Amino acid sequence: DALAASDIVPGSDLGDADDEGVRTRRRLLAMAKEAETLFGKLDTKLDLVTAQVKLLLDEGFNPIVFCRFIPTAEYVADNLRSGLKRQFADVEIAAVTGLLAPPDREQRINDLGEAPRRVLVATDCLSEGINLQDQFNAVVHYDLSWNPTRHEQREGRVDRYGQQSKSVKVLTLFGRDNQIDGIVLDVLLRKHKRIRTSLGISVPVPATSDEV
């Protein structure tokens, strides 16, 4: 939890020079090459978020798409630019990650707020400390967090006092065939139930997986 807001991709190569280290490095390289083949046309999750963001823009919403890591946010933002510009000539898409200094993050958000239609792709560097209710009124959880409080913090950037929109829309993306998503979602649902039972309050995670 202490590193939950860090959007730097953690290293995975321990650099061991023994036989086990060599095998691990080969396996990681093979996994990386396989992952690269999923970019673009074969990325069904990217297709889904693009379609959902289009629907949000059609409905008059200006969404924030929250991602876990910097490369993911940049990748999603780049593809949203190419995927949305053909339909919405006036839409602006920007990414804000931990690579930007805090004053630069705020400036980029203010600049984006001038656009008639806008989409912000961000990591959890924006889930605390910066209020976004003036520029945005929808949240898309592209990546699930292990901590339900993180989802609440993301949504709290727009669903707060001063929000002019009558409603704030929240979408949580979940891959039925993604084992990691399934594991994370199970953890979130168990934590949600425990919090609700212990404290009598709810956090913004569905009560059952059928509601996702």
Side-chain angles (χ1 to χ4, degrees), residues 4-9 39-41 43-145 149-174 204 212:
S6 174
D7 51 10
I8 303 296
V9 176
F39 279 35
K41 294 181 180 180
D43 191 337
T44 55
K45 187 175 184 180
L46 182 65
D47 291 342
L48 176 61
V49 75
T50 302
Q52 291 299 319
V53 169
K54 285 181 179 178
L55 288 175
L56 288 171
L57 292 172
D58 274 335
E59 294 171 0
F61 289 97
N62 294 303
I64 303 175
V65 180
F66 275 103
C67 302
R68 178 68 179 86
F69 296 113
I70 293 170
T72 309
E74 293 176 341
Y75 168 69
V76 170
D78 287 343
N79 283 275
L80 284 178
R81 288 189 191 98
S82 59
L84 297 177
K85 282 289 188 179
R86 290 189 294 271
Q87 184 173 343
F88 305 98
D90 58 349
V91 70
E92 293 294 332
I93 299 101
V96 172
T97 70
L99 292 178
L100 291 174
D104 296 331
R105 300 173 197 173
E106 195 163 352
Q107 184 60 51
R108 183 166 294 184
I109 291 166
N110 290 335
D111 293 343
L112 187 61
E114 299 297 322
R117 297 180 198 255
R118 66 203 78 102
V119 179
L120 174 63
V121 183
T123 61
D124 286 318
C125 72
L126 283 187
S127 65
E128 298 180 67
I130 299 180
N131 297 329
L132 304 168
Q133 70 271 20
D134 292 334
Q135 301 95 340
F136 304 96
N137 52 8
V139 171
V140 179
H141 299 289
Y142 185 82
D143 291 323
L144 297 177
S145 171
T149 304
R150 181 61 57 189
H151 289 244
E152 186 174 20
Q153 289 168 336
R154 291 173 175 178
E155 295 164 20
R157 297 304 92 208
V158 298
D159 186 15
R160 63 189 302 112
Y161 180 78
Q163 174 60 254
Q164 297 298 309
S165 183
K166 291 183 178 180
S167 61
V168 171
K169 197 161 189 176
V170 176
L171 299 177
T172 302
L173 301 188
F174 165 65
V212 177

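Please read these numbers as outputs of a predicted model, since none were measured by experiment.
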Which of these, L80, L112, I64, N62, sits in a side-chain contact (heavy atoms from CB on, under 4.5 Å) with V119? L80

With heavy-atom distances below 4.5 Å as the criterion, would you say the side chains of [X] and [Y] are in contact?
| X | Y | answer |
| --- | --- | --- |
| L173 | H141 | no |
| K45 | Y142 | yes |
| V170 | D159 | no |
| N79 | T50 | no |
| S167 | N137 | no |
| D58 | Q87 | yes |
| V9 | I70 | no |
| L100 | R108 | yes |

Inter-residue atom distance [X].[atom1] - [Y].[atom2], 0.5 Å rounding:
| X | Y | atom1 | atom2 | answer |
| --- | --- | --- | --- | --- |
| L99 | I8 | CG | CD1 | 6.0 Å |
| L132 | Q163 | CG | CD | 10.0 Å |
| E92 | L120 | CD | CG | 12.5 Å |
| D134 | R160 | CG | CZ | 10.5 Å |

For [X] versus [Y], what's the shortest heavy-atom pair and its separation?
| X | Y | answer |
| --- | --- | --- |
| R105 | T97 | NE-O, 3.7 Å |
| P63 | F136 | O-CD2, 3.8 Å |
| R154 | D143 | NH1-O, 2.9 Å |
| A77 | A95 | CB-CB, 3.8 Å |
| C67 | V76 | SG-CG2, 4.1 Å |

List the steps, then state whether side chain to side chain contact (heavy atoms under 4.5 Å, CB included) holds for K169 with L56. CA-CA 9 Å; K169 197 161 189 176; L56 288 171; 3.6 Å; yes

Working note: L55 + Q52, criterion side chain to side chain contact (heavy atoms under 4.5 Å, CB included); need CA distance, chi angles, decisive distance, verdict. CA-CA 5 Å; L55 288 175; Q52 291 299 319; 4.1 Å; yes

Treating R81 as the side-chain partner and I93 as the backbone partner, does any N or O pair qualify as donor plus acceptor under 3.5 Å? yes

Looking at V158, is its backbone amide N or carbonyl O close enough to the side chain of Q135 to form a donor-acceptor pair, meaning the two atoms are under 3.5 Å apart? no

For the pair R157 and N131, evaluate side chain to side chain contact (heavy atoms under 4.5 Å, CB included) and give the outcome as yes or no after the intermediate values. CA-CA 5 Å; R157 297 304 92 208; N131 297 329; 3.0 Å; yes

Member of K85, R118, R117 meeting the salt bridge (charged side-chain N to carboxylate O under 4.0 Å, His left out) criterion with D90: R117

Does CD in Q164 sit with more than 12 non-hydrogen atoms of other residues, nucleotides or ligands closer than 6.0 Å? no

Given the rule in the side chain to side chain contact (heavy atoms under 4.5 Å, CB included) test, do K54 and F88 qualify, once you have shown the distances and angles that lead to the verdict? CA-CA 9 Å; K54 285 181 179 178; F88 305 98; 4.1 Å; yes

Step by step, work out the side-chain hydrogen bond (donor to acceptor under 3.5 Å, both in side chains) result for Q107 and D111. CA-CA 6 Å; Q107 184 60 51; D111 293 343; 2.8 Å; yes

